[in-house]
Amino acid sequence: MAFVVTHKYIFCFTGGSISGMPLSMYIKRVRKSNRHSKKVYEYLHLVENVRTKNGPRQRLILNLGTVDLSPEHYKDLANCIEAMLSGQQHLFNVNPQISKLARKATDKIRHKLATDQPIEKSDALPATYEQIDAASMEASQVRSLGSEYVCHSVWNELGLTDLLVSEGIAPSVIPLMQALVIGRLVAPGSEVHTWNWAEHRSALYELTGRPLRASLNSIYRAGDRLFDCKDAIETHLAEREKDLFDLPERICLFDLTNTYLEGQATGNPKAKRGHSKEKRSDCKLLTLALVVDELGFAKYSRLYPGNQTECNTLKQIIESLVELRPHLARDRTIILDAGIATADNIAYLKTSGFHYIVVQRGKADFIPDETMTMQIIRQTDQYTLEVKRHQLEHEAFLLCRSTGRTAKDQAIRSRQETLFLERLQYYQDGLGKKGHTKVYHKVVEMVGRLREKYPRASKLYDVEVIAEQRPGKKAQAKAITWEKRSRYDTERQFEGCYLLRTDHTTWTDLEIWETYVMLTRVERAFRSMKSALGLRPNFHQLEQRADTHLFISVLAYHILHVIEHKLRLCGDHRSWLTVRDILSTHQRLTIEFNVKEQD
């Protein structure tokens with residue numbers, strides 16, 4: 001006798017039966033034809049003979065599908081499956097192909113038994129004691145369960161299943177959608193990676209129910225359907241999260257990021273070359289725009305071409321967000337960084353009735369001497385924050401400087417300045433040495449590339465290449481000279497400073513600054529997507545599949561942020577990466593052992 005024990009179920013294999021099912025199995029080839037196309041299909045069925053009141057009948061145990069196996073090996077496959085189910089040892093070596101097919105069939109039979117077997121309460125079962133062969137114990141089918149259970153619970157709490165059903169999604173497809181989203185949280189990667197994880201390493205389908213079809217193509221089609229419901233899903237999540245956590249939604253934070261695509265992506269018109277924030281200028285890019293509230297909950301996302309200019313996206317995003325959630329058009333504050341805060345965008349916010357806090361390029365009408373009279377508004381062990389305010393009738397300008405940012409700017413400038421000057425000196429010394437570049441136009445190009453490489457140091461110095469003209473020969477560089485510009489001291493005085501512009505003229509300096517630093521919430525969201533949620537790599541070559549890949553990461557961020565927000569409400573500030581590592585110890589497995597038969 002043998003017992004198979006899983007995390008919920010115990011299956012008893014006795015004598016020659018599985019829960020009363022005789023183990024006299026054999027393989028039967030079945031032919032079926034399509035009446036429309038007349039095409040004939042062949043399948044292998046694992047069947048058994050059973051006695052009924054109407055006489056002997058064949059009972060189907062498992063449809064093995066289309067298997068490339070010669071008929072002389074049918075009996076070997078049936079015997080191998082029977083041996084694996086009963087826990088018997090093979091006397092002879094089994095063909096690897098047959099062993100692989102038998103193991104796959106055995107797993108399907110056990111899963112079917114686990115699904116069909118009713119679950120009884122443990123306190124209702126009488127205590128049973130058996131003598132087992134400890135040496136026969138084997139553990140197999142180890143699958144992760146901890147992280148999947150937490151994410152599945154949040155999925156249900158957000159009501160995503162009911163929403164998808166209301167959008168016309170078949171219940172049998174929803175487990176695949178959960179696998180796509182939860183897979184990004186537990187084992188981030190491509191859709192192929194997610195399919196392999198869900199099929200072979202995760203117990204997620206034991207929580208969600210087995211999908212009707214779990215093929216790789218089914219995963220892709222499920223992602224397509226998920227993206228088709230994008231607006232409905234984001235509207236539902238925003239309203240559901242607002243109800244769950246009583247979100248104020250007074251402030252909207254807006255920013256963009258881009259990610260690179262693997263391959264040429266010739267079938268994707270959005271795939272464009274541009275400035276990569278991940279230093280992948282060799283790849284085509286896609287741009288993701290995201291709006292989050294003051295607590296970091298995502299409200300809306302939109303995808304743009306990789307070469308999209310940041311300042312040209314604000315109006316489209318705001319109008320799309322207001323169309324989905326009209327109440328956000330009233331008395332809201334928009335926070336933007338310097339790349340989006342152009343004069344046209346600020347004018348649009350004013351005419352649309354939005355308040356704003358933006359990073360203003362340049363230093364407006366502030367002068368260097370005012371950096372000496374800045375007032376401290378916050379002082380901690382980590383940093384000191386100083387500000388200088390210019391108040392106008394309808395706007396306020398706030399020059400801010402923190403010790404941390406000052407130290408960072410000084411370190412960058414000092415390093416670039418040292419390297420810049422060392423290289424200039426190297427070029428100058430090389431003019432008098434054999435084997436070094438001396439042609440005038442080439443030396444000018446070298447200095448130009450040096451300025452491009454060290455921009456912070458370059459703007460502080462004037463550099464001149466002096467030419468020496470020789471009759472009948474190319475112009476040679478005679479000397480390279482450099483000197484500090486007149487604004488050298490001015491630039492150094494403004495190190496660590498940035499300028500905020502707002503129409504909240506009645507707010508205090510500290511309120512303006514604290515509201516502005518909420519912009520780090522959207523930056524944290526992008527960081528989470530790129531690190532913990534598998535935003536990259538993106539291998540898709542078609543536009544909709546690439547868009548779906550990014551949208552799945554946005555959905556995964558909703559679940560991640562709900563988990564982290566709930567932890568913070570309880571005083572726990574651990575990140576999802578830490579929580580995931582802890583939950584990785586929660587596994588489910590199958591234990592098989594032999595039991596001594598009773599006399």
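- For the ring pair (Phe, Tyr, Trp, His ring centres under 6.0 Å) test, residues two or more places apart in sequence or in another chain that qualify with His390 are Phe366.
- Taking the charged nitrogens against the carboxylate oxygens, Asp547 and Lys230 have no contact shorter than 4.0 Å, which rules out a salt bridge.
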> What's the verdict on side chain to side chain contact (heavy atoms under 4.5 Å, CB included) for Arg389 and Gln375, showing C-alpha distance, side-chain angles and the deciding distance?
Replying inline: CA-CA 9 Å; Arg389 181 167 181 158; Gln375 297 179 346; over 6 Å; no
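- The closest donor-acceptor contact from the side chain of Arg501 to the backbone of Val358 lies at 3.5 Å or more, if one exists at all.
- With a 6.0 Å cutoff to the six-membered ring centre and a 45° limit on the axis angle, Lys388 does not count as a cation-pi contact of Phe397.
- Atom CZ of Arg415 has 12 or fewer heavy atoms from other residues, nucleotides or ligands within 6.0 Å.
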>> Would Glu157 and Lys566 count as a salt bridge (Lys or Arg N to Asp or Glu O under 4.0 Å) here? Give the steps.
In response: CA-CA 12 Å; Glu157 188 175 10; Lys566 282 189 168 186; 2.6 Å; yes
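- The only option from Leu164, Leu163, Asp228 that meets the side-chain contact (heavy atoms from CB on, under 4.5 Å) definition with Ile169 turns out to be Leu164.
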> Does the side chain to side chain contact (heavy atoms under 4.5 Å, CB included) test come out yes or no for Thr257 and Lys530, once each step is laid out?
Replying inline: CA-CA 10 Å; Thr257 191; Lys530 292 183 178 181; 2.6 Å; yes
>> Please determine whether side chain to side chain contact (heavy atoms under 4.5 Å, CB included) holds for the pair Ile251 and Met518, giving the CA-CA distance in whole Å, both sets of side-chain angles, and the decisive distance to 0.1 Å.
In response: CA-CA 9 Å; Ile251 296 171; Met518 291 180 182; 3.8 Å; yes
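- Under a cut-off of 6.0 angstrom, the local environment of CD in Gln264 is sparse, with at most 12 non-hydrogen atoms contributed by other residues, nucleotides or ligands.
- Under a 3.5 Å cut-off, the side chain of Asp409 and the backbone N or O of Gly496 do form a donor-acceptor pair.
- Between the side chains of Gln178 and Thr208, no donor-acceptor pair of N or O atoms lies under 3.5 Å.
- Results of the side-chain contact (heavy atoms from CB on, under 4.5 Å) test with Lys299 over Thr235, Val292, Leu247 single out Leu247 as the only residue that passes.
- Between Met177 and Ala222 the shortest heavy-atom distance is CE-O, 3.5 Å.
- Using cut-offs of 30° and 60° for the angle between ring planes, the Phe551 and Phe227 rings count as perpendicular.
- For Tyr149 and His586, the gap between ring centers reaches or exceeds 6.0 Å.
- Counting non-hydrogen atoms of other residues, nucleotides and ligands closer than 6.0 Å to CG of Asp365 gives a total above 12.
- Within 6.0 Å of NZ on Lys408 lie no more than 12 heavy atoms contributed by other residues, nucleotides or ligands.
- For the residue pair Thr406 / Gln410, no side-chain donor-acceptor distance below 3.5 Å is found, with atom types taken as modelled.
- The line from CG of Leu398 to OH of Tyr498 is 8.5 Å long, rounded to the nearest 0.5 Å.
- Proximity of a side-chain donor or acceptor of Trp576 to a complementary backbone N or O of Ile563 within less than 3.5 Å is not detected.
- No side-chain N or O of His327 forms a donor-acceptor pair with one of Arg332 less than 3.5 Å apart.
- Residues Ala265 and Ala271 approach most closely at CB-CB, 3.8 Å, considering heavy atoms.
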> What's the verdict on side chain to side chain contact (heavy atoms under 4.5 Å, CB included) for Leu158 and Leu244, showing C-alpha distance, side-chain angles and the deciding distance?
Replying inline: CA-CA 9 Å; Leu158 292 175; Leu244 284 175; 4.0 Å; yes
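- Arg302 has no carboxylate O lying under 4.0 Å from a charged side-chain N of Glu323, or vice versa, which leaves the two without a salt bridge.
- A salt bridge links Glu278 with Arg536: at least one charged nitrogen is closer than 4.0 Å to a carboxylate oxygen.
- Dense packing is recorded around CZ of Arg273, with more than 12 heavy atoms of other residues, nucleotides or ligands lying under 6.0 Å away.
- The pair Arg210-Glu199 meets the salt-bridge criterion, since a charged nitrogen lies less than 4.0 angstrom from a carboxylate oxygen.
- Atom CZ of Arg568 has more than 12 neighbouring heavy atoms from other residues, nucleotides or ligands inside a 6.0 Å radius.
- The two residues Ser147 and Val186 make their nearest non-hydrogen contact at CB-CG2, 3.7 Å.
- For the pair Gly189 and His193, the tightest heavy-atom approach, listed with the atom from each and the gap, is CA-CD2, 3.9 Å.
- Residues Tyr356 and Glu395 bring a donor and an acceptor atom of their side chains to less than 3.5 Å of each other.
- With rounding to the nearest 0.5 angstrom, the CZ atom of Arg574 is 11.0 Å from the CG atom of Asp581.
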